[in-house]
Amino acid sequence: MKYSIFGICAAIVMVCMSIGVMALDSESESNRYHQHLESRQPDAGCDCDGTELCTHLPLVLIETQEVIPGLPIRDETGAEVGYTTTSAGEEMLRARISVISDESTNHHPSDEPDLESEIMIRVRGNSSRYFDKSSYLVRLIEEDGTYRSEEMMGMAPHYEWAMHGPYLDKSLIRNYMWYNITAEFMDYAPNVRFCEVILNGEYQGLYVMTETITNGEDCRVDISEPVENTTITGYVLRQDRGSHAEIRNITTFTNYSYRNLQKINIQYPRTGSLTPELVEAIEQDFSDFEKSLYSYDYDTSDYGYQHDIDVQSFIDYFLINEFTVNYDAGWLSTYLYKDIGGKYRMVIWDFNSSCDNYSHTLMDPQHFETQYCTWYYMLMKDERFIERMIERYQELRQTYLSDEYLNQYIDDIVAYLGDAIDRNFEVWGYTFDDYMISPDERNPNSHEEAIQQIKDFIAERGAWMDENIEILKQYGHESKNKKFNH
Ligand SMILES: [Zn+2]
């Protein structure tokens, strides 16, 4: 009898596994347009005369009248004291963008653009502002300066875009791959397209056009605009180093209690719509959540965290950042949002340092870290939260986080990028000699090595997590949390 029950269980497990695999085989199940699988391929061919750049990737041309602002300024001690501005003292520069992305042909700088617009542009990022290859924030505008929402390379219309230029990430694929894969199982992850960029006639290499984390009409995070003459609004928060626009910075409960030494700022509503009353209401709303999370009622059915957060979203955020050992997550570049009357959900951002690419030290792939982050510190006290996390991990390892899926995904991206990889490193290849990661032996010496390094990392990390995911139970065990649990 015992054996027949075992047999039935095994059969159920097999069926569940095959459903998981089937879901991945069926394109109709996908939440995402994967550019590398579905758009113009490098072997599509072209009958041009080869006298100018010819690429199967979308092409972005930017024309400016002066140097793009936003580069760091340092004092004589080397400390960062601010960012460069335009000659008129502005944070953003008015410029022009042309995007050539028609799928029916290859793309050349002289082609008729599919999108032409005035833009406001500045350099974006934190540590990446020091890199030779800049990343940019771009806002499309009308002649009169008002925002202009347009479709970008097939992505839903919006006026604001981040142009990320992979530099520290020699594989070039980290953000593209983890954003796309995460979008398959979380409500939202920024949409992305590879492209090549020419700035004032000069080729800049490979970029990733990326949605910023804000709201849009039926796109990006699903939240409502501020309701006029009230303090009712959906909102997006970022935990990082704070905003340069002082009105956006808020101080919430965990900061007062020294649980969190990072700064939290309002990402949405945007500065122009923020009133002091609205800022105060958001600050209070988030503080109320944090206060209840840090109370003895944190897990009760009447007042507990499940009323305030989308539990699945917090679990998935934890798992994807742990799987990739992306340990800024939870402290820096950490985004969450809430709609009017809704629950908090997390949004992933920035995988440049993930998969053993953190510049200063090796991030040990044989431990967990996110449980110490501000909000997870309390969530992890609940055994049910941890049990659900372990179940979800095992499910994802059969699907989007399986070695087979990930290795194939990587190979497919590399095949898609084709000779765009060589063009990128014709400009930036010198950085293979300029070791940016310590110790030196962690630096890949070629794109092939950079790709292999990610694959090796995934194999090692996945095997370790498979063996050790259960150790997360220690954080929710009664013996550790007696005073919290009734
Ligand atoms: Zn051509």
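Note that this is a predicted model, so its numbers are computed, not measured. Both ligands and their constituent atoms are indexed starting at 1 by order of listing.
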Please report, to 10°, the angle around the Zn ion (ligand 1) from atom SG (Cys46) across to atom NE2 (His108).
100°

His107 near the Zn ion (ligand 1): N/O/S under 2.8 Å:
no

So how far is it from His108 NE2 to Thr55 OG1, rounded to the nearest 0.5 Å?
9.0 Å

For a quick check under 3.5 Å, do Gln35 and Tyr416 share a side-chain donor-acceptor pair by atom type?
yes

Donor on one side chain, acceptor on other, Thr271 and Arg248, under 3.5 Å:
yes

Sidechain-backbone polar pair: Arg345 side chain, Ser313 backbone, donor-acceptor under 3.5 Å
no

Angle in degrees, rounded to 10°, that SG of Cys54 and SG of Cys48 form at the Zn ion (ligand 1)
110°

